[in-house]
**Student:** 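The structure under discussion is supplied below as C-alpha cells; questions concerning it will follow.
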Amino acid sequence: MSGAKKNQPPLKKTKTHHLQSTPSKSIRTFFQPLNSPIPPKNPDTESPIKLPHQTSTSSTSSPSSSSSSTNVVEVKKRISLLKKTPSEFDHSSVAWWKKGEPVPFLFLSLAFDMIKEEKGRNAMSDIGCNVLRTVMHTTPGDLLPVVYLFSNRIAPPYQGLEMGVGKAAVIKTLAEACGRTEKDVKEHYKKLGDLGLVAQASHLSQTLQKSDALTITKVFNTFHLIAKESGKDSQKKKNNLIKSLLHASTDCEPLYLVRLLLKELRIGYAEQTLLSALGQAAVYTEEHSKPPPGIQSPLEEATKIVKQAYSVLPDYDKIISAMLTDGVWLLAKTCNFTPGIPVEPMLSEKITSVSEALNKLRNAELICEYKYDGERAQIHYKENGSVEIYSRSSERNTGKFPDVVAAVSRLKKKNVSSFVLDCEIVAYDRKKQRILPMQVLSTRARKDVAVSNIKVDVCVFPFDLLHLNGQALLEENLKIRRKHLYASFEEESGFLQFSMSLISNDAKEIQKFLDKSVDASCEGLIFKTLDKDSTYQPSERNWLKLKKDYMKTIGDTLDLVPIGAFHGQGKRAGVYGSFLLACYDVDTQEFQTISKTGTGFKDEDLEESSARLRTNLIPKPKACYKHAEKDKPDVWFEASEVWEVKVSDLTISPDYQAAVGKVHSNKGISLRMPRLVRFRPDKAPEQATSSERIAEMYNAQKHNHPDKSKKKN
DNA sequence: CGTGACTGCCC
DNA sequence: ATTCTGC
DNA sequence: GCAGAATGGGCAGTCACG
C-alpha cells in the first residue's frame, strides 16, 4: 500500500502562558523527582535552543514574533532523540520545557507522529518508554494524564465517563472551525479516511490569534469537561470546547486531538505496548532501586509485572500512583485484585473442531461448558453486602440488573460473606423454562432499572469463582474454584443455574454435548482444563471456544451480491472498507439488502474487489434494489458478482430488506457477524441465495421455533 | 411530545 | 463480535 | 502467537429540532 504521508499545516507562533489547571488530587501522592541519585544533567540551563514554550522567566509576554517556526524545527530535531535505545537515552535531553512545568501537548503529539512511523513494536515501545521517562523526570504530576492519553482513555472503564463525541460531532465542529460546509468536510473525510487528517489539512486558526500552547493537562482536563457536559445545549458546549482546543493547536496537534476525541489513535501503539513501556520506563527511572535478586532481564520482568498488575487492577490512577510511590518491583503487592474493582475477564480462543480441542489440551483433564448467548458479567459481592456487576469490557452494569443483584444475594449460601462471580447473564422465559435470544436481552432497559419494572427476565449462569470470603482464587486451579463455586450457591430455576458442563476427554461424548448445547439455544462449547494450567488468567485467551459456525462444513453460509460500498478508513483509506450485500428474491426479481460486510478480506482481495467493482459504478440504486433510505452506501454498483459469506445468526432487522414480508410483515432479515469466506466467480447474481431460502434459514434457527427442538439423544 | 441522528456498548 | 497482518 | 486495527448488527439513551 502506501507509505505514510504527512501533511503538516504551517506552523503558527504560539505564545507562552501556562494556564495550569491541575488535574486532580491523585497527583499529590506521586513521588517527586523519582529516586534519582544521579543529579539531572542540568536540564534547562544548557538548553541551547530558544523554544516556543520557553518564555523563561519573563512572565511579561512579549509579542515575540521571533522565529517560532524555526523553533519547532529545533524541537523536532531534539525530539528525535526519543528514538535512542532506552539504555542510551538521557531523560533530560528532549524536554524543552522546564522541570516542573506542564508538559506541552506538542511533545506527545510529536511522539505519536514518530511512533506512527516506526515499524517494530520494540522500537515503538522504546519511544513510548523514553517519553514516559522524560515526563517522570520533568513533571511527574503529568504522568497520569500522559498515560491516559497514550492509552486513548480518559478514565477507568468502570467509571462510565465518556466524551460522547463521535464522527458527526467532529465533522460539525471542523466545518465550523474552518468555515466550510459539513458536506465539504464529509467529502474530504471520505477521501482521506481519517478525520484527524482532515483537521490537520484544514489549516485551522487562520487568524493569528494569540493563544496559549496546549498542555497535556489542558487537553486532558478539557476532555473531562466534554465528558461531563450534558443536557440542553450540551452539544454546543462540547463543540465549543473542541473548537477551543483546535484553535490553540499547531503542527500535528489537530491530528491527534481529533483522533483522541474519536478514540482512534491509529499509531500501532495501544494498551499492551504502553504497559510494556511503562514497566521499562520505571526500570530506567528507578535507577537506584535494584530489581529483586535472581532476575535475569529486569526489563522483561518489569513489563510482565506491569501487565499482570493492570490485568487484575485495570485502573491507571492506582497503577501509576503505586508505581511512583513504591516502585515497579512492588507492584505485584501494591496492585492486587480488589473486590469492587473489575478484573479483566479470561477469554477464549476460537477453534474449529472437537478434535482440535482434544489436541490442544492433550494430556489434561478437560471440562466443556455450554457457551450461553448473553452478556458476560462479573459480579462482586462485598462483605458489607454491596454488589456491583461489570461487563466484559469492565463497564459498570449494576443498574441494569437489580434482579441479578437480588438473586445472588438470595442464593449465596450462608457461609459466604463475599465473592466475585464470573458468569453469563441470559434472557430467560421462566414460564416456558427457556433461554431467549441475545436480541431479546439487548432490549432490556439499561439505566436505573427497578425490579418492579423489568420487561426481560434473566437467568444467571455462573461458571467461575474468582474470590471467596476475602480470599482470591485466581491462582487456584479450576477444579478448586469450581468446588468453591458449587459449594457457595444454591441453584434456583430461572434465576441462577450453574453453567451446564461435562467433564470428559471423549470425542464422541463431547460431540453429543455440543449438539445438546445448540439444542438448548447455546452457541456451542467452551473448553477448559481442570487441573493443569487452569488458573484464572485475566485477559488471557487460554480457554477454547467452539461454535457451530466456526466449523468448516457446518454453519450458515450465504451467497450474496455486493450492490454498494463504503469508503474505507485508516489503513483502508483509498479502497472500499465495506460492502452492502443483497440477496435475490426470485419472485419479485429484487435484490434485497441484507447486511454489510467488511471482514474476511485479505488486503489483496480488498484492493482487487475495489478495483473491479469501481468499474461497475452506477449513479443511483436500480429500481430492483430494495433498501432502506437510511443507510445508503457511498457508491452503488451494478449487480455483477456473488460472494460467499458466513454468519453466526440471522436476525430480524429494523432496516434491512431481505425476505421482507416472509417472516415479518414489514421487517427484513439481517446477519449477525457476517464475514467474507470466498468469491464465487461461478455464480451469477441471480443465483444468489434467495429470499425464500433466507426465510427458511431464519426459521430453522432453534430458538425461533423452540417447540420443535425436542430433546434427542 | 414525537422523531431521527448520533453515540456507546453489547455481541 | 471476526479477520487479517507485521513482527 | 501477540497486538493492533480494520470491519459487522442492533439495542437504549441522549439530545436537537420541529
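FYI, side chains are in, hydrogens and waters are out, and symmetry mates aren't considered; it's all heavy atoms of this structure. A, B, ... follow the sequence lines: proteins, then strands. Residue 1 opens every chain.
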**Student:** Are A:Tyr576 and A:Asp634 linked by a side-chain donor-acceptor pair shorter than 3.5 Å?
**Tutor:**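 Per modelled atom types, A:Tyr576 and A:Asp634 side chains form no pair under 3.5 Å.
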**Student:** Between A:Lys119 and A:Thr599, name the one whose nearest nucleotide on DNA chain C is closer to the 5' end.
**Tutor:**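 Comparing both residues, the 5'-ward one is A:Thr599.
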**Student:** Just the endpoints, please: which first and last nucleotides of DNA chain B, 5' to 3', lie under 4.0 Å from a heavy atom of chain A?
**Tutor:**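 Contact boundaries, 5' end first: B:dC6 to B:dC11.
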**Student:** Establish, with yes or no, whether the OP1 or OP2 oxygen of D:dT7 is under 4.0 angstrom from a side-chain nitrogen or oxygen of A:Ser578.
**Tutor:**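 So the side chain of A:Ser578 is outside the cut-off, no N or O lying under 4.0 Å from OP1 or OP2 of D:dT7.
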**Student:** Would you say the side chains of A:Tyr310 and A:Glu344 form a donor-acceptor pair under 3.5 Å?
**Tutor:**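 Short answer, no.
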**Student:** Under 4.0 Å from a heavy atom of chain A: give me the 5'-most and 3'-most nucleotides of DNA chain C that qualify.
**Tutor:**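 Contact boundaries, 5' end first: C:dA1 to C:dC7.
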**Student:** Within residues 662-673 of chain A, which residues have any heavy atom lying less than 4.0 Å from an atom of DNA chain B?
**Tutor:**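 Heavy-atom contacts with DNA chain B come from A:Arg672, A:Met673.
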**Student:** Run the ring-ring contact (aromatic ring centres under 6.0 Å, His included) test against A:Tyr428 and tell me which residues pass, sequence neighbours left out.
**Tutor:**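 In terms of ring-ring contact (aromatic ring centres under 6.0 Å, His included), with neighbours along the sequence ignored, A:Tyr428 is linked to no residue.
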**Student:** How do A:Arg446 and A:Lys630 order along DNA chain B: which one's closest nucleotide is nearer the 5' end?
**Tutor:**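 Its nucleotide being nearer the 5' end, the pick is A:Lys630.
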**Student:** Describe, in one word, how the ring planes of A:Phe579 and A:Phe601 are oriented to each other, choosing from parallel (under 30°), tilted (30 to 60°) and perpendicular (over 60°).
**Tutor:**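 Rings of A:Phe579 and A:Phe601: tilted, as their planes differ by 30° to 60°.
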**Student:** Output a table of nitrogen or oxygen pairs between the protein and nucleotides 14-18 of chain D separated by less than 3.5 Å.
**Tutor:**
residue, atom, partner, partner atom, Å
D:dT14, OP1, A:Lys447, NZ, 2.8
D:dC15, OP1, A:Gly231, N, 2.6
D:dA16, OP1, A:Asp233, N, 3.3
D:dA16, OP1, A:Ser234, N, 3.2
D:dA16, OP1, A:Gln235, N, 3.0
D:dA16, OP2, A:Asp233, N, 3.2

**Student:** Who passes side chain to side chain donor-acceptor pair (under 3.5 Å) against A:Ser353, sequence neighbours left out?
**Tutor:**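 Side chain to side chain donor-acceptor pair (under 3.5 Å) list for A:Ser353, sorted by chain: A:Ser355.
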